[in-house]
2 protein chains.
Amino acid sequence: MANAKYVIVANWIKEQIDKGKLRHGQKIQTEAQLSKQFGYSRQTIRQAISSLINEGLLESTQGSGTYVRKSKRSDQASRVIGVITTYNTDYIFPRILGGMEEVLADHEYAMQLAFTHNRVSDERRALELMLQSNVDGFIVEPTRSALPNPNMDLYHSLIDQGYPLLFINASYQTLPTVHVALDDRKTGKMIYDYVFERGHRKIFSFFKYDDIQGHLRYAGANDASKLHGEQINDDDIYWYSTEDFEKGIFDQRLLERLKNYTAVLCYNDALAYQLLEFLEKHDMHVPEELSIVSVDHSDFIGKSNIEITSVVHPMQKLGSAAAKTMLEMVQKPSYNTSVDFQPRLVEGNSVKNIQIQIGGQDE
Amino acid sequence: MANAKYVIVANWIKEQIDKGKLRHGQKIQTEAQLSKQFGYSRQTIRQAISSLINEGLLESTQGSGTYVRKSKRSDQASRVIGVITTYNTDYIFPRILGGMEEVLADHEYAMQLAFTHNRVSDERRALELMLQSNVDGFIVEPTRSALPNPNMDLYHSLIDQGYPLLFINASYQTLPTVHVALDDRKTGKMIYDYVFERGHRKIFSFFKYDDIQGHLRYAGANDASKLHGEQINDDDIYWYSTEDFEKGIFDQRLLERLKNYTAVLCYNDALAYQLLEFLEKHDMHVPEELSIVSVDHSDFIGKSNIEITSVVHPMQKLGSAAAKTMLEMVQKPSYNTSVDFQPRLVEGNSVKNIQIQIGGQDE
DNA sequence: ACTTTCAATTTGTACGTACAAATTATGTAT
DNA sequence: ATACATAATTTGTACGTACAAATTGAAAGT
C-alpha cells in the first residue's frame, strides 16, 4: 500500500467523517494544525484537502476554515425525482405513476423509476442505485411496511444527507416522515360500517399482514365494531401475505369457513375479485349468500356481472399530490405537510341488505 | 477581473480546446513549456492543469503528458437508461416496463421514465429533459410514428452524440435505427388469414392512421388478401387516430355500415373490446352476426363472455428484450441487432366458422 | 448597547527546490 | 532487425518560503 502522504491524510479525514467524529457542516482542523499533527508540510496537507474538495466531501472558505459538506448532492439540482414502488403490473400503480409523471413533467422534472416487487432486498438495491445516480428527492412506496425493515440504515443516511423523502400509500412506523396516502384506518371503518348498517353481523375479513395498510384497515374495522358494540374475533380474520396471495389462498376449507358468515371485508380488489370468482365457481352466490365489500374500486371487471362495492382509491390524484408535495419539499426542506385522502365508498351490487330491524344497533 | 495567474492559464487552455487548436485525445504542451511560455512557475501551471482535470477536460499520465479528454459524456457512465413511452395507463405498457425494469435492475441500471401521451410536444420535452440529466441510452416508443415528426433534429443530434437509441413497438421511417417490436406486417396478415380461412369474405377493418403499426398491420392484411385473390376496398377500412378513439368512434352510422360485413379486424384490444360492448348494446351478437379478431391478447375481460381471438403481444418479453438490447448497445456502440417478435394467435370465441366450401379459395 | 477598528487567524496564490515514478526515445549489443 | 539497457523527458510527490485575501474575534470608541 505504502501510499503517498497526502493520500494518508485524505483517508484519515475520510475516516473521521465516516466514524461520525466530524459531522456535516462541522469545521475540520486548520491546515496548520494538521501539518503539525502529521508532521507533514502545509502544502501536503493542502493537497489532501484539495482532493477531498474535488470529491465533494469538504468545502473551504478563505479566512474561515475547511468544513465537511452538508450533503454530497446539494451542489447541483439534477431535476430528477426517484420513485420506488412495489409493482407496476397492478391496477392502481400505473395510474399513480401517471398522476406523478404529469405533474413532474409539467415542472420539467424527470422521473427515475424502480420496482421492489415487495421484496426488501430489491428495495435496498433500488435505493442504492438511485443514491448513485444523483436524484433530488425520493418518493417511496414502502415494501412490507408492517414488518421490520432492514434498510432503515439507508433511509436514515438519506435523511441525514438532507434528501427530501416522501412515502406514498403507507409509511414505515419507525420512520417519522411526510406521506401521501389514503386514510386506511377510516377506510377500514367505512367498509365495516357499510355492511353493518345493512344488517350484517357475521362479518369475515381478509387483511394483509405484511403491509401496514392491512393493519390499519383492520384497526379501522375494529374501531367500527367497537362503536357498534360488536367484537371482531381472531377466527373472523384471515391474515395473509404477498406470497400467500401469489400462491393462492382459496381452498375448500376456507369455503366451509366462509359459510358461517354473511359478509366479507376484503383488503383490496385484487383479492376481492379472486374471491368472487372462487365463490361463483363453487356455486356460492354473491351477494345472496355472501356479501363482499372491498377497497380500491378498480375498474377491472370480472367475468360475473357483480360490481363490488368498494372504497375508491385516489390513484391519479394520489400520484399528482405526491409529486406536488415532493416539489414543495425540494424547494423548502422544512416542508412537511402530509396528505391523507379521505375514503369515499362507491356502491356496486355485491352487498345484500338484510336489515334485521330499524335502529337495532344494540346486539 | 484581474484573475489569478493559474486561472489565466486554465482559461487559455480552455480556449485552445474550444477553438479546435487542441483536439480530443491530443497532447497539450508540457508543464515546462507552458511555464516558459507564460513566464509562470511550474507549480502555477500545475494548478491550472489540475483545475481542468477536475472539470473533466484534461487527463494526464505520468511520464507521458497531459491530454485533452475524448468526450465529456462517455467518461462516466451514469448507469441510467432513459425510457420514453406513450402511455402507462394502457394494458400493455405496464408489462413492457416491468420486463424492462427487471433486466435493467439486474444489471444495476436505473430507469428514467417519461410519457408522451402520444403528443410530439411532450415527446420533445421528454427528450430534452433526459438529455439534461445524463442518461446512458434511450429506449423510445415512437409518438405518432406514421406522421412527420418535428423532433427529428433532437433524434439526429442524439445519434451524433453517440447515444445508443433503441425504438420499441415501432420506429420512425426516416430514422434508420435498432428496434425491438412485434412484426406488425405479419400480424396483419395473420388476423386476415384467420378469418378468411374460416370462410369470411366480407371483412371490415379498423386501423390507426397516426401510428406506423396501423399502416403495417393494414399492409399485412393487404398482403393476405392479395394472396387469396381478394381485394380490400377503401370502404372496408375505418382509419382513426388517437384523438378519434378518445372521443369515441362508434355511432349509429358505423353500426349500419358494419351490417354489410361478417368479420372485423381490429387494430388492437382497446378498440376491440369497446366495439364488442357497443355491438352488444345494440343487440348485434358476436360472433353469430359479426366476428371479431384483434391484436394484443390483453387479459382484461369485458362484461360479456366473449373472449376475443387475437394475436399475442409479447409485452414482458418485448420489454426485457429491449432492455437487453440496450445494454448490449451501451457496451458495444456498433451493436445493431433488431428483434422482431413473430406473431402468435390465440383463439377465443369471437370468430364464427362459416366455411362455405372446402378448398374454396378462389373467389 | 452598538459600531468601528484592528490584529490574529486561516485559506488562497505564487514561486522555488528536490527527488520519485512512469513513459518515451535513444543507443548498444546480439 | 530485434531485444535490451540506458538516458532523457514528463508528470507526481514533498517540502519550503512569502505574501494576499477573507474571516473572525477582541479591543476601542461612541
Side-chain angles (χ1 to χ4, degrees), chain A residues 1-17 21-72 74-75, chain B residues 1-17 21-70 75-76:
Chain A
M1 281 279 281
N3 275 327
K5 289 181 182 177
Y6 82 97
V7 176
I8 294 170
V9 176
N11 286 338
W12 182 84
I13 296 172
K14 267 188 192 173
E15 263 179 43
Q16 301 301 304
I17 295 170
K21 292 190 181 178
L22 288 169
R23 284 185 190 175
H24 301 304
Q26 208 175 328
K27 187 175 171 180
I28 71 164
Q29 290 100 312
T30 67
E31 291 173 358
Q33 282 174 329
L34 286 167
S35 175
K36 204 174 176 183
Q37 179 183 326
F38 282 90
Y40 300 156
S41 77
R42 186 184 152 219
Q43 304 310 317
T44 303
I45 303 297
R46 276 185 69 73
Q47 199 172 354
I49 289 171
S50 163
S51 73
L52 293 177
I53 287 171
N54 284 322
E55 279 184 41
L57 270 91
L58 302 177
E59 57 189 342
S60 46
T61 314
Q62 190 175 151
S64 175
T66 303
Y67 303 84
V68 181
R69 270 218 165 163
K70 280 178 190 169
S71 65
K72 265 192 181 178
S74 67
D75 40 337
Chain B
M1 282 278 278
N3 274 328
K5 290 181 181 175
Y6 81 96
V7 176
I8 293 169
V9 176
N11 286 338
W12 182 84
I13 297 172
K14 267 188 193 173
E15 264 179 43
Q16 300 301 305
I17 295 170
K21 293 191 179 176
L22 289 169
R23 283 185 190 176
H24 301 304
Q26 206 176 331
K27 187 175 172 181
I28 70 166
Q29 290 100 316
T30 67
E31 292 173 359
Q33 282 174 326
L34 286 166
S35 175
K36 202 174 179 183
Q37 179 182 327
F38 282 90
Y40 300 156
S41 78
R42 186 185 152 216
Q43 303 310 316
T44 303
I45 303 296
R46 277 185 69 74
Q47 200 172 354
I49 290 171
S50 164
S51 73
L52 293 177
I53 287 171
N54 284 323
E55 280 183 42
L57 270 92
L58 302 178
E59 57 188 342
S60 47
T61 314
Q62 193 177 148
S64 175
T66 303
Y67 304 83
V68 181
R69 270 215 166 168
K70 278 177 187 171
D75 41 331
Q76 81 267 34

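Keep in mind that the numbers below use all heavy atoms, side chains included, and drop hydrogens, waters and symmetry copies. Please read all numbers here as calculations on a predicted model, not as lab measurements.
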**Student:** Please list, by residue number, the residues of residues 60-67 of chain B whose heavy atoms come closer than 4.0 Å to an atom of DNA chain C; answer none if no residue qualifies.
**Tutor:**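 Per residue number, the list reads B:Q62, B:G63, B:S64.
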**Student:** For B:S64, does its backbone N or O pair with a side-chain atom of B:K27 as donor and acceptor, under 3.5 Å?
**Tutor:**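 Side chain of B:K27 to backbone of B:S64, a donor-acceptor pair under 3.5 Å: yes, one is there.
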**Student:** Measure the shortest side-chain to side-chain distance between B:Y67 and B:T61 over non-hydrogen atoms and say whether it is less than 4.5 angstrom.
**Tutor:** yes
**Student:** Give, for atom CD1 of B:I49 and atom CD of B:E59, the distance between the pair rounded to the nearest 0.5 Å.
**Tutor:**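 Atom-to-atom, B:I49:CD1 and B:E59:CD are 13.0 Å apart.
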**Student:** With side chains defined as the heavy atoms from C-beta onward, is the minimum distance between B:L34 and B:Y40 less than 4.5 Å?
**Tutor:**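 No, side chains not in contact.
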**Student:** Hey, which sits more toward the 5' end of DNA chain D by its nearest nucleotide, A:K5 or A:Q43?
**Tutor:** A:K5
**Student:** Going from CZ on A:R42 to OG1 on A:T30, what distance comes out if it is rounded to the nearest 0.5 angstrom?
**Tutor:** 9.5 Å
**Student:** Could you tell me whether a side-chain N or O of A:T66 sits under 3.5 Å from a main-chain N or O of A:I28, the two making a donor and an acceptor?
**Tutor:**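 Here the side-chain-to-backbone pair does not exist.
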**Student:** By nearest nucleotide on DNA chain C, pick out whichever of A:R42 and B:R42 is the more 5' one.
**Tutor:** A:R42
**Student:** Under a criterion of less than 4.0 angstrom to any heavy atom of chain A, what are the 5'-terminal and 3'-terminal contacting nucleotides of DNA chain D?
**Tutor:**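 Nucleotide range in contact with chain A: D:dT13 to D:dT24.
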**Student:** Do A:K5 and A:Q47 have side chains that get closer than 4.5 Å, going by heavy atoms?
**Tutor:**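 The answer is no, as the side chains (C-beta and beyond) never meet within the 4.5 Å cut-off.
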**Student:** For the pair B:F38 and B:T44, evaluate side-chain contact (heavy atoms from CB on, under 4.5 Å) and give the outcome as yes or no after the intermediate values.
**Tutor:** CA-CA 10 Å; B:F38 282 90; B:T44 303; over 6 Å; no
